[in-house]
Engineer: 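Structure incoming, see below.
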Amino acid sequence: MTVDRLVAALGTLRHTAPPALDDELFTGWLTAPSRLGEVFVAFTSNGVQFVRSTASLDGDPAAFAQAYRMRFARPLRAADRAPAGLLPVLGGRPGAPPALDLRGLSEFERDVLAATRTIPVGETRPYGWVAREGGSPRAVRAVASVLARNPVPLLVPCHRVVRADGGVGRYLFGTERKEALLRGEHANLDDVEALARRGLHYLGAGATGVVCFPTCHRARRIAPADRTGFATVVAATAAGYRPCPDCRPGVVA
DNA sequence: CCCGTGACACTCC
DNA sequence: TGGAGTGCCACGG
């Protein structure tokens, strides 16, 4: 018996089919345009569950369904309407983000994704930052493992998590895509790279005494003459700077 | 349960 | 300055 017939049969058990039944048995899917090109998106009534570029799956919906089923053990059914908020965020436009359905993930995974989701557009944070913000400061490698399997890229902006040494790091769809996404949202990667070549990874503003990650919106407003680069937050605090309350570059000891 | 595996990150020269 | 070595933690087989 096909799943479609099963649902139909279950529906006849009541005078009117319960509206939530489909939703409990199926996950909807559709394709949508995004900054990664066309993507497959799977979603339940709780929120978006899985996003993958069609290019990475040879544009084959069956491959998407299989990948989905491997992880979530549920069948997919074509949907005709996108969840609220999905399309603007996929396209890099402003707007309230869609709800996410992260059931089935471990607490650690959800913590990592939640911390990652707070990174503003055009800014980056190192893996160690996500580990700390997520509540597991030494789980740096584990953070990387979680992001490598991010079920909802773009919606959880894992492309904004970069290496502490100034490198952009790897990405689910390739390093080039990661860099292109960051440049597309005007992250100042060239500044980061120039500083890293000198062994510097933080910027202090003399006027305010605040030290930031170089991509922080505050760091980018520091007048060149007022900028001081630091290799570590410890070095910056030793020089009298305090960590930026917005980008939170390290423990406030 | 032990062991291998990583989108990482320090520490040394 | 950068490459190798070592430490790390969560997960899966």
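Order of the sequence lines sets the chain letters (A, B, ...), proteins ahead of strands, with each chain counted from 1.
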Engineer: Without decimals, in angstroms, what is the distance between A:Arg141 CZ and B:dA7 P?
Structural biologist: 8 Å
Engineer: With nearest nucleotides of DNA chain C determined for A:Arg138 and A:Arg149 from heavy-atom distances, which residue corresponds to the more 5′ nucleotide?
Structural biologist: A:Arg138
Engineer: What is the distance from CD of A:Glu109 to C1' of B:dG6, rounded to the nearest Å?
Structural biologist: 14 Å
Engineer: What about A:Tyr68 and A:Leu155, same hydrophobic cluster or not, with Ile/Leu/Val/Met/Phe/Trp/Tyr joined at side-chain heavy-atom distances under 4.5 Å?
Structural biologist: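 Different clusters.
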Engineer: Which nucleotide in the list B:dA7, C:dC11, B:dA9 gets nearest to the side chain of A:Ala148?
Structural biologist: B:dA7
Engineer: Tell me the closest heavy-atom pair linking A:Gly122 and A:Arg220, and the distance in Å.
Structural biologist: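 Answer, listing the atom of A:Gly122 first, then A:Arg220: O-NH1, 4.1 Å.
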Engineer: Nearest whole Å is fine: how far is C:dC11 P from A:Arg71 CZ?
Structural biologist: 13 Å
Engineer: Find the distance A:Ile119:CD1 to B:dA7:P and express it as a whole number of Å.
Structural biologist: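 Whole-Å distance recorded here is 18 Å.
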Engineer: Measure up the A:Tyr171 and A:Phe173 rings against each other and bin them: parallel (under 30°), tilted (30 to 60°), perpendicular (over 60°).
Structural biologist: perpendicular
Engineer: Starting at atom CZ of A:Arg170, determine the distance to atom P of B:dA9, rounded to an integer number of angstrom.
Structural biologist: 13 Å
Engineer: Side chain of A:Arg163, heavy atoms from C-beta onward: which of B:dC8, B:dG6, C:dC11 has the nearest atom to it?
Structural biologist: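 That would be B:dC8.
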Engineer: Does any part of the side chain of A:His201, heavy atoms only, come nearer than 4.5 Å to the side chain of A:Phe230, both counted from C-beta?
Structural biologist: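 A side-chain contact under 4.5 Å is absent here.
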Engineer: Between B:dC8, B:dG6, B:dA7, which nucleotide has the shortest distance from any of its atoms to the side chain of A:Ser145?
Structural biologist: B:dG6
Engineer: Rounding to a whole Å, what distance do you find between A:Trp129:CH2 and B:dC8:P?
Structural biologist: 18 Å
Engineer: Would you call the rings of A:Phe64 and A:Phe50 parallel, tilted or perpendicular, where under 30° means parallel and over 60° means perpendicular?
Structural biologist: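 Plane angle under 30°, so parallel.
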Engineer: When all nucleic acid strands are considered with a 4.0 Å heavy-atom cut-off, which category describes A:Thr175: base, sugar-phosphate, or nothing?
Structural biologist: nothing
Engineer: Once you round it to whole Å, what is the distance between C1' of B:dC8 and OH of A:Tyr171?
Structural biologist: 18 Å
Engineer: Please report the distance, rounded to the nearest Å, between CG in A:Leu181 and P in B:dA7.
Structural biologist: 18 Å
Engineer: Would you classify A:Ala144 as touching base, sugar-phosphate or nothing, given that sugar-phosphate means primed atoms plus P, OP1 and OP2, and contacts are heavy atoms under 4.0 Å?
Structural biologist: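 Base: the residue A:Ala144, judged by heavy atoms under 4.0 Å, touches a nucleobase.
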Engineer: For C:dC11, does either OP1 or OP2 sit under 4.0 Å from a side-chain N or O belonging to A:Ser106?
Structural biologist: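 For C:dC11, OP1 or OP2 has a side-chain N or O of A:Ser106 closer than 4.0 Å.
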Engineer: So A:Tyr127, base contact, sugar-phosphate only, or nothing? Heavy-atom distance under 4.0 Å.
Structural biologist: base
